[in-house]
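Bear in mind that the values here come from a model prediction, so they are computed numbers and not experimental data. We count ligands from 1, going down the list as the structure has it; atoms in each ligand are counted the same way. Values reported hereafter were calculated over all heavy atoms of this structure, with side chains retained and with hydrogens, waters and symmetry mates removed.
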Amino acid sequence: MQNSAWKKSHGTSPILSMTPKKPQQWLQVVGHAGSFHVGEYGTLLKKFCKGEQECYLKLMEDPMRPFVPVYYGVVQRDEQDYNMMDNLLTSFNTPAIMDCKIGSRTYLEEELQLARERPQPRKDMYEKMVAVDPEAPTVQEHTQQAVLKTRYMQWRETLSSTTTLGFRIEGFKKPNEECHTNFKRTKSRQQVMEALSDFVESNTQTVWGYLRRLKQLRQVLESSEFFRTHEVVGSSLLFVHDHSGRTGVWMIDFGKTVALPPNLTVDHRTSWVEGNREDGYLWGLDNLIDILTDMLPLLKHGEGPPIPAQICE
Ligand SMILES: Nc1ncnc2c1ncn2[C@@H]1O[C@H](COP(=O)(O)OP(=O)(O)OP(=O)(O)O)[C@@H](O)[C@H]1O
Ligand SMILES: O=P(O)(O)O[C@@H]1[C@H](O)[C@H](O)[C@@H](OP(=O)(O)O)[C@H](OP(=O)(O)O)[C@H]1O
């Protein structure tokens with residue numbers, strides 16, 4: 001913490017044991033522009049969100065900890081607060097990176113309630129909708145040239161695989177290629193499989209690595225107190241692999257993960273009806289694991305499971 005730009009840090013772990021200072025590679029696949037800065041010592045700074053901080057603090061004490069970026073606390077830069085966490089790309093060499101949004105619902109129940117009480121139709125979302133499908137807005141929405149956020153999010157869910165499979169590919173970046181983010185209409189199992197095969201370049205070793213990690217994650221989630229007691233919405237799995245055969249998957253983005261009332265728990269597989277707070281996270285993870293498993297015999301390169309030491313955990 002030599003840099004004077006670091007005004008404060010009240011983290012959960014010392015940074016001294018972290019990766020030595022060296023030029024850091026980082027690339028944002030999707031998400032809000034301008035929210036991130038690359039930090040020192042292999043860290044990443046994300047614009048402060050109190051709810052996300054609360055999640056990370058709890059996650060550092062939960063069995064889920066190995067499956068999320070290590071969280072170091074809050075720092076300030078140019079009068080803006082940031083949550084500081086591990087840059088998950090640090091230990092990879094020119095990696096391929098994919099962001100998959102998990103769950104069958106991408107807006108919180110509280111957002112739905114708010115939209116009913118104080119509807120705020122959005123012009124930017126109308127424009128994003130029309131750009132993909134000019135026929136999608138209703139007559140009233142066309143007249144207003146605006147749509148409610150929850151309506152936009154529901155439309156995105158049904159257009160993509162979120163509603164039918166409980167996850168969707170948001171985007172990926174392969175070495176020496178531009179980011180691919182054109183997945184808004186990637187909906188069927190077949191389309192998803194094709195996109196995933198493209199991401200892994202038909203390499204079965206990579207798929208084996210991802211499967212092993214995803215199954216470990218599922219096991220941990222099924223026993224996690226944090227997971228049982230939180231509505232997890234809009235969170236992604238970040239997939240990373242490189243040519244050395246290393247693979248890694250982590251949960252990121254807890255900006256819309258909220259604690260349930262004390263008397264309520266979720267199993268993340270039961271279908272959502274308003275009030276039960278279910279988010280379909282494990283249902284989506286089950287489907288993702290099934291699809292990757294079904295892909296294995298269809299892929300060209302590599303055979304058999306990878307050497308465990310090559311897996312990044
Ligand atoms: N810890 C991390 N290490 C490496 N890359 C990260 C990390 N966290 C986020 N990213 C990159 O930033 C992108 C956006 O992350 P994130 O989902 O947290 O942002 P967001 O603005 O909250 O997204 P959304 O638009 O879904 O709300 C990810 O797709 C990934 O490329
Ligand atoms: O991917 P798209 O089609 O561009 O749509 C955005 C995406 O759904 C983000 O997840 C969402 O942010 P949150 O998850 O944080 O709600 C954002 O809402 P926003 O514009 O209100 O930030 C949407 O605009």
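- An N or O contact shorter than 3.5 Å links Val29 to ligand 1 by distance.
- Among the atoms of Glu52, none of the N or O lies under 3.5 angstrom from an N or O of ligand 1.
- Only the side chain of Leu44 comes within 4.0 Å of ligand 1, counting heavy atoms alone; its backbone N, CA, C and O stay farther away.
- Ring geometry for Phe172 versus Phe199: interplanar angle of 30 to 60°, hence tilted.
- Residue contacts with ligand 2 for Met129 are absent, since no atom lies close enough (heavy atoms, distance under 4.0 Å).
- Considering backbone and side-chain atoms together, Arg168 places no N or O closer than 3.5 Å to any N or O of ligand 2.
- When all heavy atoms are compared, the tightest approach of Leu59 to Arg65 is O-CB, 3.4 Å.
- Atom 30 (C) of ligand 1 has its closest protein heavy atom at Leu238 CD1, 3.7 Å.
- No N or O atom of Asp124 sits closer than 3.5 Å to an N or O atom of ligand 2.
- Between the side chains of Thr270 and Asp267, a donor-acceptor pair is found at a separation under 3.5 Å.
- Lys101 and Ser236 make their closest contact through CA-OG, 3.7 Å (heavy atoms, listed as atom of the first residue, atom of the second, distance).
- For the pair Lys149 and ligand 2, the shortest N or O to N or O distance falls below 3.5 Å.
- Remark: Thr138 pairs with Glu141 by the side-chain hydrogen bond (donor to acceptor under 3.5 Å, both in side chains) rule, at least two apart or across chains.
- Side chain of Arg185 to main chain of Val132: a donor-acceptor pair is present (N/O by atom type, distance under 3.5 Å, no hydrogens or angles).
- A perpendicular orientation is assigned to the rings of His241 and Tyr210, their planes being inclined by more than 60° (bins at 30° and 60°).
- Set against the non-hydrogen atoms of Gly31, the atoms of ligand 1 under 4.0 Å away are 21 (O), 23 (O), 25 (O).
- Using the six-membered ring where Trp is involved, Phe183 and His180 have ring planes that are tilted, between 30° and 60° apart.
- In terms of polar-atom proximity, Asp86 is counted as a contact of ligand 1, with an N or O under 3.5 Å from an N or O of the ligand.
- Ligand 1 has a nitrogen or oxygen under 3.5 angstrom from a nitrogen or oxygen of Asp253.
- For ligand 2 and Lys256, the ligand atoms under 4.0 Å from any heavy atom of the residue are 13 (P), 14 (O), 16 (O).
- Ligand 1 has at least one atom lying under 4.0 Å from a heavy atom of Trp26.
- For Phe36, no nitrogen or oxygen atom sits less than 3.5 Å from a nitrogen or oxygen atom of ligand 1, counting backbone and side chain alike.
- Proximity to Pro69 (heavy-atom distance under 4.0 Å) selects the following atoms of ligand 1: 1 (N).
- Using a 4.0 Å heavy-atom cutoff, Val30 is listed among the residues neighbouring ligand 1.
- Among Arg156, Met125, Met153, the residue whose heavy atom sits closest to atom 1 (O) of ligand 2 is Arg156.
- Residue Lys184 approaches ligand 2 through these ligand atoms, each under 4.0 Å from one of its heavy atoms: 3 (O).
- Under a 4.0 angstrom heavy-atom cut-off, Leu27 registers as being in contact with ligand 1.
- The shell of residues lying under 4.0 angstrom from ligand 2, judged by heavy atoms, excludes Tyr107.
- Residue contacts with ligand 2: Glu111 is placed with no nitrogen or oxygen under 3.5 Å of a nitrogen or oxygen of the ligand (distance criterion only).
- For ligand 2, the atoms closer than 4.0 angstrom to any heavy atom of Lys101 are 9 (C), 10 (O).
- In terms of polar-atom proximity, Lys101 is counted as a contact of ligand 1, with an N or O under 3.5 Å from an N or O of the ligand.
- Here the heavy atom of the protein found nearest to atom 12 (O) of ligand 2 is His32 CE1, 3.3 Å.
- Annotation for ligand 2: atoms under 4.0 Å from non-hydrogen atoms of Arg122 are 19 (P), 20 (O), 21 (O).
- Looking at Lys46 against ligand 1, only its side chain comes within 4.0 Å, counting heavy atoms.
- Applying the 4.0 Å criterion to heavy atoms of Asp99 picks out, from ligand 1, the atoms 28 (C), 29 (O).
- For Lys128, a nitrogen or oxygen atom sits less than 3.5 Å from a nitrogen or oxygen atom of ligand 2, counting backbone and side chain alike.
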